[in-house]
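Down below is the structure, laid out as structure tokens.
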2 protein chains.
Amino acid sequence: MKEKMMDTIIELFGKKGFQGTSIQDIVEANGVTKGTFYYYFKNKEDVLVHIHQSFIDHLLEGQEKIITNVDLSHSDQLYQIVELLIDNIRTNGHSALVFFQEMRHLSEEKTAIILPKRQQFQENIQKVLEEGMKAGEFKKDLRADMLSYAVLGMANWSYFWYEPDGEVDEKSLTDLYMRLIFKGIEEETNDH
Amino acid sequence: MKEKMMDTIIELFGKKGFQGTSIQDIVEANGVTKGTFYYYFKNKEDVLVHIHQSFIDHLLEGQEKIITNVDLSHSDQLYQIVELLIDNIRTNGHSALVFFQEMRHLSEEKTAIILPKRQQFQENIQKVLEEGMKAGEFKKDLRADMLSYAVLGMANWSYFWYEPDGEVDEKSLTDLYMRLIFKGIEEETNDH
């Protein structure tokens, strides 16, 4: 029941915004009473906290599995992290928009829980880049910190435009992105 | 006066969101009367339309100058478009957040004006990529449409985290990004 309510609420927040959605809207969309809502949630912010937490926890968990897998090269790890983000659009695309757009409506106390997790995700990408540099997989003079944001930006921006059921599937989009990240777009001439 | 009010309003929208900002908040923050507000704007949506329009018009104008400059290679054009976006953070960073986050609060009629302009900006990047492919500057088998979003995502995401007065200035960030886009991060071995 709680999960089903969460889905409806994520859709409402996506459409009308956190501030534009009332508890009345939520109970109507779910065909339940206010009593039912307050049985599961303390208030509207509590729902927002749930959305943020389950969104980032899911990603951190997936990322953890990738970066602790010693059978993978650092290139493979980077590939799979981007794949994780792109694959997540189909299942959690609506949550993502709430995650990206409604952070400011969390209280300071709740932000203090979510923000370090978001940073953790970015820092893990940075670490993969740094270790790949040391291992000789990546160029030695990269700014891993700035480039971790570039990789994140490329992947996260997809949530705003990418249609998983369109012409290009997730695997293909990941391939396109990773080829850009690994090889760049410049035509290789004989000079170098 | 209108410009000064716009600046204050952009800050308010950035902090409290479009829906969370009342006209009362706006007149108080500006130290003016409601009469003054309604002299310049029809309503709150009217302000949002102004923010969206001036944000995208400024970028399209800058982009137009770049892509019509026949003295530039396509690589240079791409470089300068990314530079335009990064440079814009310092001057219009607050507008950008409103631009990215509050689109859904525009009426259908207003969205019909703004959306094609956003698409135009993306399509112009795609065209630079396509022409650079034809000219032999870029690899011939790129998906210019998907990669235009990758470039946009990388640059636009910077609005969420980049501090222009931090350790890395705009020119350096642009250089870092463009090196990634042109050359990729993979260590070039002697095999290829």
Side-chain angles (χ1 to χ4, degrees), chain A residues 14-21 75 78 97 100-105 118-119 122 129 132-133 135-147 149-162 167-168 172-173 175-189 192, chain B residues 14-21 75 78 97 100-105 118-119 122 129 132-133 135-147 149-162 167-168 172-173 175-189 192:
Chain A
K15 243 184 273 172
K16 310 175 71 166
F18 172 74
Q19 283 172 322
T21 304
S75 306
L78 194 63
L97 296 185
F100 295 141
Q101 301 189 325
E102 309 286 3
M103 181 86 175
R104 66 188 157 196
H105 300 306
R118 293 177 74 142
Q119 281 164 348
Q122 173 264 317
L129 287 170
M133 285 161 66
E137 289 178 53
F138 305 141
K139 296 186 169 96
K140 295 216 178 326
D141 56 348
L142 301 177
R143 278 287 306 234
D145 52 352
M146 297 290 141
L147 293 188
Y149 286 108
V151 172
L152 253 183
M154 206 183 290
N156 283 344
W157 200 253
S158 313
Y159 287 86
F160 294 106
W161 65 269
Y162 174 62
E167 185 204 343
V168 175
S172 308
L173 187 66
D175 282 343
L176 283 165
Y177 278 4
M178 295 318 291
R179 188 177 166 219
L180 165 64
I181 291 171
F182 289 140
K183 306 268 187 195
I185 63 171
E186 205 172 71
E187 183 63 277
E188 292 172 58
T189 58
H192 52 268
Chain B
K15 241 183 277 172
K16 312 175 69 166
F18 171 74
Q19 283 172 322
T21 305
S75 306
L78 194 63
L97 296 185
F100 295 141
Q101 303 189 325
E102 310 286 3
M103 180 87 176
R104 65 187 160 199
H105 299 306
R118 292 177 75 143
Q119 282 164 347
Q122 173 265 315
L129 287 169
M133 285 161 66
E137 289 179 54
F138 305 141
K139 297 187 169 94
K140 293 214 178 328
D141 56 348
L142 302 176
R143 278 285 307 232
D145 52 351
M146 298 288 141
L147 293 188
Y149 286 109
V151 173
L152 252 183
M154 206 183 291
N156 282 345
W157 200 253
S158 313
Y159 287 86
F160 293 106
W161 65 269
Y162 175 62
E167 184 204 341
V168 175
S172 308
L173 187 66
D175 281 343
L176 283 164
Y177 279 4
M178 295 318 292
R179 187 177 166 221
L180 165 63
I181 291 171
F182 289 140
K183 305 270 187 193
I185 63 171
E186 206 171 71
E187 183 63 276
E188 292 173 58
T189 60
H192 53 266

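Below, chain A is the first sequence line, B the second, and so on; all start at residue 1. No experiment lies behind these values; they were computed from the predicted model shown.
In this structure, the portion of A/L173 lying under 4.5 Å from any heavy atom of chain B is its side chain and not its backbone. Looking at B/D141, the atoms closer than 4.5 Å to chain A (heavy atoms on both sides) sit in the backbone and in the side chain alike. Using a 4.5 Å cut-off between heavy atoms, B/E167 contacts chain A through its side chain alone, with no backbone atom that close. Heavy-atom distances place no part of B/Q122 under 4.5 Å from chain A, backbone and side chain included. For A/E137, the part sitting under 4.5 Å from any heavy atom of chain B is the backbone (N, CA, C, O) and nothing else. Using a 4.5 Å cut-off between heavy atoms, B/L147 contacts chain A through its side chain alone, with no backbone atom that close. For a residue to count as touching a neighbouring chain, one of its non-hydrogen atoms must lie under 4.5 Å from one of that chain's; by this rule A/K140 touches chain B with backbone and side chain alike.
Classification of the B/F160-A/W157 ring pair by plane angle, with boundaries at 30° and 60°, yields tilted.
Atom CD in B/E188 sits 8.5 Å away from atom NZ in A/K183 (nearest 0.5 Å). Atom CZ of A/F100 and atom CD of B/Q101 lie 11.0 Å apart (nearest 0.5 Å). The CD1 atom of A/I185 sits 9.5 Å away from atom CE of B/M133, with the distance rounded to the nearest 0.5 Å. Annotation: the span from A/Q119 atom CD to B/W161 atom CH2 amounts to 13.0 Å, rounded to 0.5 Å. Note that the CD atom of A/E186 and the CE atom of B/M178 stand 9.5 Å from one another [nearest 0.5 Å].
With hydrogens and angles disregarded, no donor-acceptor distance shorter than 3.5 Å links the side chain of B/E187 to the backbone of A/A135. Under a 3.5 Å cut-off, the side chain of B/Q19 and the backbone N or O of A/K16 do form a donor-acceptor pair. B/K139 places a side-chain N or O within 3.5 Å of a backbone atom of A/G184 that can act as its donor or acceptor partner.
Using a 4.5 Å cut-off on side-chain heavy atoms (C-beta onward), A/V168 and B/D145 make no contact. B/L142 is listed as a side-chain neighbour of A/R179, based on a closest heavy-atom distance under 4.5 Å.
With chain B as partner, the option from A/G20, A/G132, A/A150 having the largest number of non-hydrogen pairs under 4.5 angstrom is A/A150.
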